[in-house]
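We use all heavy atoms of the structure for the numbers below, so side chains are in, but hydrogens, waters and symmetry mates are not.
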Amino acid sequence: MHIPPAGGPPPNRHDFEESFTLLEGEIEATFRGEKSVVRAGETINIPANAPHSFTNASKQTVRLLCLCVPAGQEEFFAQVGVPLATRTTSPPKLDKADKAAAMKKAEELAPKYRTEPS
């Protein structure tokens, strides 16, 4: 995933495990109410049902690998995200309307993919 500056999911929880391995950049993660910085080369693991969120607080795009167990969440990301030609292709610049539309779509699809606000 490419996470633009100021990007990242709002506080949420779900009944599957999730981990983020930072490939480039860093994020500010909140996990069970505790904030931490996760840098390139590091991984944060989120157990099922644990409230969490993260933000790209830098001015650079962050690249991360997200793993969800069991599988299925990749379908959500495919519907909400913007497909890229390769894993290193730069993401498109999104304007406010594009970002708002993506957030609305994510909120609408969240229940189908067992994700709820926390």
Side-chain angles (χ1 to χ4, degrees):
M1 295 181 178
H2 293 260
I3 311 298
N12 69 90
R13 58 185 224 112
H14 34 68
D15 65 353
F16 51 87
E17 295 182 35
E18 188 171 37
S19 69
F20 306 108
T21 299
L22 275 285
L23 304 173
E24 294 175 13
E26 64 183 44
I27 58 171
E28 291 181 358
T30 302
F31 171 58
R32 291 187 173 150
E34 292 188 31
K35 289 187 179 189
S36 64
V37 175
V38 184
R39 294 176 176 82
E42 298 177 340
T43 298
I44 184 170
N45 295 299
I46 312 296
N49 297 308
H52 64 283
S53 65
F54 69 81
T55 302
N56 175 0
S58 75
K59 295 184 188 324
Q60 305 295 324
T61 297
V62 166
R63 229 170 39 98
L64 62 81
L65 174 65
C66 176
L67 297 174
C68 298
V69 177
Q73 190 68 2
E74 69 279 3
E75 296 171 20
F76 171 81
F77 295 133
Q79 291 182 49
V80 174
V82 177
L84 301 177
T86 71
R87 64 182 170 76
T88 57
T89 300
S90 295
K93 301 288 183 199
L94 302 178
D95 62 23
K96 285 185 180 184
D98 292 330
K99 290 176 186 177
M103 284 300 289
K104 182 178 184 210
K105 188 170 189 177
E107 289 170 1
E108 290 170 352
L109 288 171
K112 177 179 178 180
Y113 292 96
R114 307 181 329 268
T115 299
E116 61 187 48
S118 65

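- In terms of heavy atoms, Ala29 sits closest to Val38 at CB-CG2, 4.1 Å.
- The side-chain heavy atoms of Pro11 and Glu116, taken from C-beta on, include no pair separated by under 4.5 Å.
- Here the NZ atom belonging to Lys93 is positioned 9.0 Å from the NZ atom belonging to Lys99, to the nearest 0.5 angstrom.
- Atoms OG and CD1, from Ser36 and Ile44 in turn, are 4.5 Å apart once rounded to the nearest 0.5 Å.
- Summarising the geometry of Thr43 relative to Thr21, their closest heavy-atom pair is OG1-OG1, 2.8 Å, with the distance given to 0.1 Å.
- Under a hydrophobic clustering in which Ile, Leu, Val, Met, Phe, Trp and Tyr are joined whenever their side-chain heavy atoms come within less than 4.5 Å, directly or via other members, Val37 and Ile27 fall into different clusters.
- Atom SG of Cys68 sits about 11.5 Å away from atom CD of Glu75, to the nearest 0.5 Å.
- Between Pro92 and Leu84, the closest side-chain pair of non-hydrogen atoms falls below 4.5 Å.
- Formation of a donor-acceptor pair under 3.5 Å by the Asn12 side chain with backbone atoms of Pro10 is found in this model.
- When every heavy atom of Phe76 is checked against every heavy atom of Ala106, the shortest pair comes out as CE1-O, 3.7 Å.
- Shortest non-hydrogen contact noted between Arg114 and Pro70 is NH2-CG, 4.5 Å.
- Side-chain contact between Phe54 and Thr30 is absent, with no heavy atoms from C-beta onward closer than 4.5 Å.
- A distance-only check finds a donor-acceptor pair linking the side chain of Glu74 to the backbone of Gly72 [under 3.5 Å].
- Two residues are said to be in side-chain contact when any heavy atoms from C-beta on lie closer than 4.5 Å; Leu23 and Leu64 fail this criterion.
- Between atom CZ of residue Arg63 and atom CD of residue Glu24 there is a gap of 4.0 Å, rounded to the nearest 0.5 Å.
- Judged by distance alone, with hydrogens and angles left aside, the side-chain atoms of Arg13 form a donor-acceptor pair with the main-chain N or O of Asn49 at under 3.5 Å.
- Annotation: side chain of Gln60 is not in contact with side chain of Pro5 (no heavy-atom distance under 4.5 Å).
- Between the side chains of His14 and Gln73, not a single donor N or O lies within less than 3.5 Å of an accepting N or O.
- For the pair Asn45 and Phe20, the minimum side-chain heavy-atom distance is 4.5 Å or more.
- Across every non-hydrogen atom of Tyr113 and Phe16, the tightest pair is O-CE2, 3.5 Å.
- Paired with Ile3 under the rule side chain to side chain contact (heavy atoms under 4.5 Å, CB included), one option of Asn56, Thr61, Thr55, Leu22 passes, and it is Asn56.
- Side-chain contact between Pro47 and Phe31: present, with at least one pair of heavy atoms (C-beta onward) separated by less than 4.5 Å.
- With Lys105 contributing its side chain and Gln79 its backbone, the two residues share a donor-acceptor pair below 3.5 Å.
- Using a 4.5 Å heavy-atom threshold, the side chains of Pro9 and His52 count as separate.
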